[in-house]
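Since the structure comes first, as structure tokens, the remarks are kept for the end.
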Protein chains: 2
Amino acid sequence: MKDLPPFAQHFILHWGEMGTKWGINRTVAQIHALLFISDRPLHAEEICDQLGVARSNVSNSLKELQNWGIVKVVHLPADRRDHFESIQDVYELFRVIAAERKKREIDPTLARLRDCANEAGTTDNPADTHAKEKLESLLSFFELVSDFYTKMDRLPTKSAIQAIRMGDKIAKSIGALMK
Amino acid sequence: MKDLPPFAQHFILHWGEMGTKWGINRTVAQIHALLFISDRPLHAEEICDQLGVARSNVSNSLKELQNWGIVKVVHLPADRRDHFESIQDVYELFRVIAAERKKREIDPTLARLRDCANEAGTTDNPADTHAKEKLESLLSFFELVSDFYTKMDRLPTKSAIQAIRMGDKIAKSIGALMK
DNA sequence: CGAATATTTCTGTCTTTACAGAAATATAGA
DNA sequence: TCTATATTTCTGTAAAGACAGAAATATTCG
């Protein structure tokens with residue numbers, strides 16, 4: 001990591017730690033951090049050198065980032081090597097990440113909760129009835145969150161930012177809006 | 001898990017898997033799932049029996065859940081054993097989880113990003129300037145998210161639900177609200 | 001086609017995390 | 001205080017994940 005200024009190193013290391021806390025491989029997160037702050041696409045070898053990790057690790061991690069849809073391959077003139085760049089707009093970045101997590105985790109959970117609720121069906125056992133109701137409340141919640149995400153995802157970046165920024169005013173206006 | 005109806009078993013197992021994808025220990029997530037759907041507080045031994053995990057594992061996991069603030073100890077009359085119950089309201093549950101993640105992860109990241117931005121200070125290297133700007137845009141984003149969370153957290157459950165539910169209408173009203 | 005270079009896949013090792021069982025400690029009533 | 005019971009901490013093992021280096025494969029240019 002010798003070539004990077006200290007502040008960049010600190011950021012990349014912290015981002016790696018953050019990743020692990022959210023179920024993302026440390027190296028994957030570090031590579032993404034590096035690409036995010038880079039002012040040009042990097043090839044795999046450069047990433048190895050900067051982060052001091054094995055070539056194979058970089059290869060697999062880059063594939064993972066491409067699967068997430070937040071890193072793309074680009075080619076530079078007169079250079080046959082793949083170069084990689086991250087989504088640069090931070091709002092777009094998190095929108096894509098959120099979309100992917102929804103697809104991978106929220107949607108399957110919704111499906112599973114629906115299955116469980118159906119399985120529960122009619123039961124006379126009071127404990128089971130209670131469990132079924134808890135599952136249904138969880139399901140409602142996930143449906144709500146899922147719908148909200150879909151609505152926000154359709155907004156252009158600027159509107160989305162404003163929607164977030166207006167959070168408190170919006171809350172106060174709920175009554176009026178509902179009429 | 002013999003005593004539990006199949007739908008409850010399926011839910012608990014799925015919840016455990018979900019946990020691992022979000023950086024939460026499988027057993028911790030399973031125990032929470034069990035407590036969430038239970039219609040009464042359970043003691044540690046019951047949790048062992050139901051999930052088939054070691055007593056020590058249950059002990060540590062329960063402590064973890066208490067640290068998160070989503071499980072509380074209660075005592076029943078004429079029973080000296082600790083009994084455990086989860087927050088039952090699903091919105092409250094996720095509110096508490098979000099608050100804890102903010103405290104543990106978002107706030108430290110904000111602090112770190114500010115440090116990095118300061119460290120970056122004045123630099124004449126164009127690549128470093130670019131990196132610094134990327135860090136600052138990330139910082140703005142996290143500040144926005146953090147503020148939004150604080151606003152939502154202060155809303156009573158009902159208003160928060162409505163705010164989420166009204167997402168699309170709110171978006172359309174942003175222009176009007178801003179005047 | 002063949003050589004050089006780039007990339008991916010495979011294999012084994014190392015590290016970390018999860019976890020069971022035992023031991024130690026604490027607590028409450030007799 | 002002593003005994004029974006509940007709880008936590010400790011220790012070793014097992015499983016999972018991360019990762020390096022080597023091998024295999026693919027690509028491009030001469």
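Chain identifiers are assigned alphabetically (A, B, ...) following the order of the sequence lines, protein sequences preceding nucleic acid strands; residue numbering begins at 1 within each chain. What you see is a predicted model, and the numbers here were worked out from it, not measured in a lab.
- For the OP1/OP2 pair of C:dT7 and a distance below 4.0 Å, the side-chain nitrogens and oxygens of A:Lys63 include no atom meeting the criterion.
- A:Arg55 comes within contact range of at least one nucleobase, with a heavy-atom separation under 4.0 Å.
- A donor-acceptor pair under 3.5 Å links the side-chain atoms of A:His83 to the main chain of A:Arg81, judged by distance alone.
- The side-chain contact (heavy atoms from CB on, under 4.5 Å) test with B:Thr27 is passed by exactly one of B:Ile47, B:Asn57, B:Val58: B:Asn57.
- Among the protein residues, A:Asn60 comes within range of the nucleic acid bases, having at least one heavy atom under 4.0 Å from a base atom.
- Clustering ILVMFWY residues whenever any of their side-chain heavy atoms sit less than 4.5 angstrom apart, transitively, puts A:Phe84 in a cluster other than the one holding A:Leu76.
- Taking 4.0 angstrom as the limit, B:Asn57 places none of its side-chain polar atoms (N or O) nearer than this to OP1 or OP2 of C:dG21.
- For the pair A:Glu45 CD and D:dG21 C1', the computed distance is 13 Å after rounding to whole Å.
- Residue whose closest nucleotide on DNA chain D sits further toward the 5' end, between B:Arg81 and A:Arg80: B:Arg81.
- Judged by distance alone, the side chain of A:Lys132 and the main-chain N or O of A:Gly121 form a donor-acceptor pair under 3.5 Å.
- With DNA chain C read from its 5' end, the first of the two nearest nucleotides for A:His83 and B:Val58 is the one closest to A:His83.
- Between the side chain of B:Ser56 and the base of C:dA20 there is at least one donor-acceptor pair of N/O atoms closer than 3.5 Å.
- Look at A:Thr27 and you'll find a side-chain N or O under 4.0 angstrom from OP1 or OP2 of D:dC19.
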